[in-house]
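Just below is one structure, and these are the notes that go with it.
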Amino acid sequence: MKFQTLKLFVLVLLLSTVQSFAQTSFSVWRDLSEVTYKIGQDEFGELYIPVFGSKIKNLEGKVVEADGFIIPFEGMFKPEHIILSSLPLAECFFCGSGGPETVMEVMLKNPIKYTSKKVRVKGKLTLNDKDPEKLMYILVDAELLSN
């Protein structure tokens, strides 16, 4: 009986360690999707202003990882300033059915080459609810982890 209890304890310990590791190495998109909006006004008319919940606010200033697809913009591609979408191009916020919470600006430390394949980046998350000319999620001091 003691051996069964010991096996169960080791199994629980192992599972909690794996779960803890998985939480630290996950892509941040799921948490970022939990944003709401309020309607505001500017000189051009009505706009949606993001309202970040506590889970998202807790990520601000922290280094996070995000995987996704590079979305071409303004001249098709800037190798040190990209738009990353959690969804493929045909489904992204700009071209398809995704919402604004599915894209982020990424300011890279080093320029990268454009690819249509999924990439993974890591950087410090900044939240933007003030400047409508920028996306609401911005990753700064970012680096490419894989492509």
| field | Between OG on residue Ser33 and CG on residue Asp31, distance to nearest 0.5 Å | value | 7.5 Å
| query | Do we see a donor-acceptor contact under 3.5 Å between the side chains of Glu60 and Tyr137? | reply | no
| request: Provide the closest heavy-atom pair for Leu135 versus Glu105 in the form atom of the first, atom of the second, distance. | output: N-OE2, 2.9 Å
| said: Quick check for you: to the nearest 0.5 Å, what is the distance between Ser146 atom OG and Glu65 atom CD? | reply: 9.0 Å
| request: Would you sort out whether Leu139 and Val121 count as a side-chain contact (heavy atoms from CB on, under 4.5 Å), showing the intermediate values? | output: CA-CA 9 Å; Leu139 221 53; Val121 295; 3.7 Å; yes
| task | Group every Ile, Leu, Val, Met, Phe, Trp and Tyr by side-chain heavy-atom contacts under 4.5 Å, then state whether Leu125 and Val63 land in the same group. | result | no
| If you group Ile, Leu, Val, Met, Phe, Trp and Tyr by side-chain heavy-atom gaps below 4.5 Å, do Trp29 and Leu127 land in one group? | yes
Table please: side-chain donor-acceptor pairs of residues 39-59 below 3.5 Å, with sequence neighbours left out.
unit_1	atom_1	unit_2	atom_2	d
Asp42	OD1	Phe44	N	2.8
Asp42	OD1	Gly45	N	3.1
Asn58	ND2	Ser54	O	3.2

| task | Find the distance between NZ (Lys124) and OG1 (Thr126) and round it off to the nearest 0.5 Å. | result | 7.5 Å
| task | Group every Ile, Leu, Val, Met, Phe, Trp and Tyr by side-chain heavy-atom contacts under 4.5 Å, then state whether Ile82 and Phe69 land in the same group. | result | no
| query | Would a hydrophobic clustering, with Ile, Leu, Val, Met, Phe, Trp and Tyr connected at side-chain separations under 4.5 Å, put Tyr114 with Leu108? | reply | yes
| task | Would you mind checking if Lys109 and Asp141 are paired as a salt bridge, meaning a charged N to carboxylate O distance below 4.0 Å? | result | no
| request: Go through the steps to decide whether Val119 and Ile70 satisfy the test side-chain contact (heavy atoms from CB on, under 4.5 Å), and finish with yes or no. | output: CA-CA 8 Å; Val119 299; Ile70 297 172; 4.2 Å; yes
| query | To the nearest 0.5 Å, what is the distance between CG (Leu84) and CD1 (Ile138)? | reply | 13.5 Å
| Sequence neighbours excluded, which residues qualify as salt bridge (charged side-chain N to carboxylate O under 4.0 Å, His left out) partners of Lys122? | none
| field | Heavy-atom pair with the smallest gap, counting every atom of Tyr37 and Pro100 | value | OH-CG, 3.3 Å
| request: Calculate, to the nearest 0.5 Å, the distance between atoms OG1 and CD belonging to Thr36 and Glu101 respectively. | output: 10.5 Å
| field | Cluster link Ile112 to Met104, ILVMFWY, side chain under 4.5 Å | value | yes
